Amino acid sequence: MNFLVYPLVFLFAGILLAAFVSPSVNMSKEWDIPAKYKEMKNPHVGDKSLERVGKMLYAKHCKSCHGNIGLGDGPKAASMETKMIPFNDAGFQGQSDGAIYYQSIIGRDEMPNFEKKIPDEEDRWALINFIRTLK
């Protein structure tokens with residue numbers, strides 16, 4: 001009887017421990033974007049001088065997950081628990097620039113925060129402008 005009890009106790013303890021250590025990932029499609037960001041205006045909309053900077057930042061920080069043209073098919077995408085919405089999706093493109101800024105710079109769950117990695121506000125908007133071209 002003991003040969004069954006001990007393995008079952010270890011199995012139960014392992015499952016219980018895993019429930020508390022597993023990362024919490026928000027699998028919902030909807031982002032809770034604060035009004036401040038929804039209403040935020042892009043001060044650099046249409047600024048062609050920022051195209052190169054936006055493209056460079058995308059290649060450095062975004063391409064590995066979001067892919068070359070923003071389809072969510074980068075090499076790291078397969079290991080993600082959260083499904084990425086392609087940047088050419090009408091719903092994604094229909095968002096305000098501020099909403100995309102929040103998702104891209106502030107992030108959540110598997111989408112990292114880039115406030116420290118992209119500290120310059122102009123560079124952040126250059127990235128948002130570049131993402132807008134991926135439709």
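Since the model is a prediction, treat every value here as computed from it, not as a measurement. Note that these values count all heavy atoms, side chains included, but never hydrogens, waters or copies made by symmetry.
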Would you call Leu57 and Ile118 a side-chain contact if the rule is heavy atoms closer than 4.5 Å? yes

Using a 3.5 Å distance criterion without hydrogens, assess whether the side chain of Gln95 forms a donor-acceptor pair with backbone atoms of Phe92. yes

Criterion side chain to side chain contact (heavy atoms under 4.5 Å, CB included) against Met84, the qualifying member of His66, Met111, Glu110: His66

Shortest non-hydrogen separation from Asp73 to Gly67 and the atoms involved: OD1-CA, 3.4 Å

Please walk me through it: do Phe87 and Tyr58 pass side chain to side chain contact (heavy atoms under 4.5 Å, CB included)? CA-CA 12 Å; Phe87 294 147; Tyr58 182 85; 3.7 Å; yes

Can you measure from CG (Asp123) to CD1 (Ile105) and round to the nearest 0.5 angstrom? 9.5 Å

The reported gap from CD in Gln103 to CD1 in Ile128 (rounded to nearest 0.5 angstrom) is 9.0 Å

Output for pair (Glu51 CD, Thr133 OG1), nearest 0.5 Å, gives 7.5 Å

How long is the span from the NZ atom in Lys55 to the NZ atom in Lys63, to the nearest 0.5 Å? 8.5 Å

Determine whether the side chains of Asp47 and Asn129 contain a donor N or O and an acceptor N or O closer than 3.5 Å. no

Main-chain N/O of Glu39 paired to Ser96 side chain as donor or acceptor, under 3.5 Å: no

Taking all atoms of both residues into account, what is the closest heavy-atom pair of Gly91 and Asp89, and its distance? N-OD2, 2.9 Å

Is the closest side-chain heavy-atom distance between Phe114 and Ser104 below 4.5 Å? no

For the residue pair Ile106 and Glu115, establish whether any side-chain heavy-atom pair is separated by less than 4.5 Å. yes

Carboxylate-amine/guanidinium contact Asp32 Arg108, below 4.0 Å: no

Measure the shortest side-chain to side-chain distance between Arg132 and Ile100 over non-hydrogen atoms and say whether it is less than 4.5 angstrom. yes

Taking all atoms of both residues into account, what is the closest heavy-atom pair of Ala77 and Cys65, and its distance? CB-O, 3.5 Å

Quick check: closest heavy atoms across Ala126 and Val53, and the distance to 0.1 Å? CB-CG1, 4.0 Å

Show, in sequence, the C-alpha distance, side-chain angles and deciding distance for Asn88 and Leu71, and conclude whether the side chain to side chain contact (heavy atoms under 4.5 Å, CB included) test is met. CA-CA 7 Å; Asn88 66 358; Leu71 297 179; 3.6 Å; yes

Check: Tyr102 and Lys36 side chains under 4.5 Å, non-hydrogen atoms: no

Are Trp125 and Leu127 connected into the same hydrophobic cluster when the rule is that any two of I, L, V, M, F, W, Y join if their side-chain heavy atoms are below 4.5 Å apart? yes

Say whether Glu121 and Tyr101, considering side chains only, have a donor N or O and an acceptor N or O under 3.5 Å apart. yes

Rounded to the nearest 0.5 angstrom, the CD1-SG distance for Ile131 and Cys62 is 5.0 Å

